[in-house]
Structure formats: structure tokens, C-alpha cells
Amino acid sequence: MSLTIEVQCFVGSIRPLPESGRPSGIFKQLLTVPGVIGSTGFIDDQQADRRVHGGPEKAIHLYPANHYRQLAERFPEAAPQLLAGSIGENISAVGFDESDVRIGDIWALGSARLQVCQPRNPCWKIDERYGVDGMAAYIAEHLLTGWYWRVITEGVYQPGDCLHCEIAAEGAPSLREAMLLWQAHRPDLVRLQQLADTSGISSQWRDEIERRIAMLKTLV
């Protein structure tokens, strides 16, 4: 895999979902002008429910563009809508997915520096956004989640800028490996603790892993 990845970036404002009318920041538009990246993401990007979206450890979401092909095959009725930027991501990249990054990797985007810290947890709004049932569950089951970055260094993205790997988290699990372990019915507790202790992992995901470890120990 090349350590320089071509990307498109997207930002959006809060809009109502088509059926419930509930507010959502899932609707994004291609960023065609410079975008300022602050500690919680692109300053022109909005999230409706800040309890579960946004914040320092969910600052920027990348969704692999190749996943849209698999989703279109499984949900053909939604295929015309399954375009880059449509699932609420801030960054779209072709030929780059969860197997290509490790927890703790640091990448540069323009003058900003971003760190991979956790997968996205798909929610019900995806189903309503595309008008189909079961897409969010399918995304979670098949590990088509994309991931969140925290912002290590604030900066500016210029259209045409690429993602460039600055510091590879050697020895850390790839995001896909981490998700496979996390989803396992009875994961190895030593490996699960190693995942929780991985440098760069988000505090929220670490705490969830620690709680699961504690629960699994009661079953031994």
C-alpha cells in the first residue's frame, strides 16, 4: 500500500432526516475550498447529537469508498444514493480501508496531523438516510465501518491534498484485526487487554474493552 492516499473531503450542516424529521449531520457536501481543521474536526462541519458524534476522539470520520460497491450489491434499492460522502464521512478514499491502518497511526492531511483511534459505530440514522432496513447492522457485521481520527495538530486542508502516513504504529493491530477481536464471541483475554492498552486508542473504546474484559473474567 502506498503511504500517500488521494482523498476527497466533505462537510455538512444539520438537516432533518427524510422520514422522522430528526436532525442529523449525515448529509455532507464536497469541500471545494480550503477547510480549517480544529481540535474537533473541520470547523464548517456540524453534528446534531454531540453525545455520540463529534468531539476530540471522533473529530474526523474516514469512510473507504470501495465499501459503497459492496453496500450497493447488498442493498440495490439504495444503490443510486451510495456515493462518496453520503454516509456522513468527512474523508473518502479509494483503495484504502480498515486493513491498511493501525490504531495509533499518525497521518498528515494538509498541515493537520491526525491519529487513528477507533472504528465508527454505525447507527439507525444510516437506515433512514438511505430508506432501507438493516444497512447499519450489515455495516457493523461486515466491518465496513470506516474509522475516526483525533486531531493531533490543527491545520488547513487544501482541495487536492493527500493523506500521508507520518508515523506508523508498528506492532499495533490493524483496525480490522482490532474489530475482529472485539467482535469475537469469546476473545482471548490477553489479546483483548493488549488492545485496550494500545497507544492511541480512544478512551471511550478502551473503557468499553475494559468493561468487557471484566465481564468475561466472571465467566471463566
Side-chain angles (χ1 to χ4, degrees), residues 5 7-33 35 37 40-98 101 109 114 116-151 157 159 163 175-176 179 182-183 202 204-205 208:
I5 305 296
V7 300
Q8 291 181 303
C9 291
F10 300 84
V11 297
S13 56
I14 297 170
R15 291 167 49 188
L17 287 164
E19 293 185 14
S20 67
R22 293 181 64 175
S24 175
I26 199 171
F27 303 99
K28 308 292 186 188
Q29 297 80 44
L30 180 66
L31 190 57
T32 59
V33 298
I37 298 173
T40 57
F42 286 96
I43 62 168
D44 292 325
D45 192 48
Q46 296 181 350
Q47 300 86 33
D49 188 348
R50 296 302 296 270
R51 297 172 302 167
V52 293
H53 299 291
E57 295 191 327
K58 296 179 180 179
I60 293 177
H61 176 228
L62 184 147
Y63 196 69
N66 290 3
H67 289 348
Y68 283 114
R69 186 180 304 113
Q70 183 171 340
L71 292 176
E73 291 173 356
R74 173 60 180 81
F75 301 95
E77 64 274 36
Q81 302 178 73
L82 288 164
L83 306 171
S86 65
I87 209 164
E89 72 266 38
N90 300 113
I91 304 176
S92 177
V94 175
F96 182 54
D97 64 25
E98 296 83 359
V101 296
L109 180 63
L114 314 176
V116 179
C117 61
Q118 70 177 85
R120 180 186 185 175
N121 184 21
C123 72
W124 62 271
K125 291 183 179 180
I126 292 174
D127 288 11
E128 184 170 346
R129 188 258 182 274
Y130 293 110
V132 296
D133 292 329
M135 187 180 291
Y138 181 88
I139 288 169
E141 179 184 356
H142 293 273
L143 309 181
L144 307 176
T145 64
W147 61 88
Y148 285 114
W149 312 82
R150 66 165 60 88
V151 177
Y157 159 79
L163 273 171
L175 190 71
R176 180 175 177 80
M179 289 193 292
W182 173 240
Q183 285 194 0
S202 75
Q204 178 187 11
W205 197 20
E208 290 176 0

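In what follows, residues are counted from 1 in the order of the sequence shown. No hydrogens, no waters, no symmetry mates; every other heavy atom, side chains included, goes into these values.
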What's the separation between atom [atom1] in [X] and atom [atom2] in [Y], rounded to the nearest 0.5 Å?
X      : Y      : atom1 : atom2 : answer
Met179 : Leu144 : CE    : CG    : 8.5 Å
Gln118 : His61  : CD    : NE2   : 10.0 Å
Ile60  : Ile37  : CD1   : CD1   : 4.5 Å

Do [X] and [Y] have side chains that approach each other closer than 4.5 Å (heavy atoms only, starting at C-beta)?
X      : Y      : result
Lys125 : Arg22  : no
Asn121 : Glu208 : no
Lys58  : Gln204 : yes
Pro80  : Tyr130 : no
Thr145 : Ile139 : yes
Trp205 : Pro119 : yes
Leu62  : Leu163 : yes
Val7   : Phe96  : no

Does [X] reach the main-chain N or O of [Y] with its side chain, forming a donor-acceptor pair under 3.5 Å?
X      : Y      : result
Glu98  : Gly146 : yes
Asp127 : Met135 : yes
Tyr63  : Tyr68  : no
Asn90  : Cys9   : no

Of the non-hydrogen atoms in [X] and [Y], which two are nearest, and what is the gap between them?
X      : Y      : answer
Glu89  : Ser86  : OE1-N, 3.7 Å
Leu114 : Trp149 : CB-CE3, 3.4 Å
Ile87  : Arg120 : O-NH1, 2.9 Å
Ala136 : Pro122 : O-CG, 3.5 Å
Ser92  : Ala84  : OG-CB, 3.5 Å
Glu128 : Glu19  : OE2-N, 2.9 Å

Here the salt bridge (Lys or Arg N to Asp or Glu O under 4.0 Å) pairs for residues 75-84, sequence neighbours left out, are none
Enumerate the salt bridge (Lys or Arg N to Asp or Glu O under 4.0 Å) contacts for residues 132-150, please, sequence neighbours excluded, ordered by first and then second residue.
Glu57-Arg150
Distance-only check: which donor-acceptor pairs under 3.5 Å involve side-chain atoms of residues 26-33, not counting sequence neighbours?
residue: Lys28; atom: NZ; partner: Gly25; partner atom: O; Å: 2.9
residue: Lys28; atom: NZ; partner: Asp45; partner atom: OD1; Å: 2.6
residue: Lys28; atom: NZ; partner: Asp45; partner atom: OD2; Å: 3.1

Steps toward side chain to side chain contact (heavy atoms under 4.5 Å, CB included) verdict (Val94, Asn66):
CA-CA 6 Å; Val94 175; Asn66 290 3; 3.5 Å; yes
Geometric class of the Tyr138/Phe75 ring pair [parallel <30°, tilted 30-60°, perpendicular >60°]
perpendicular
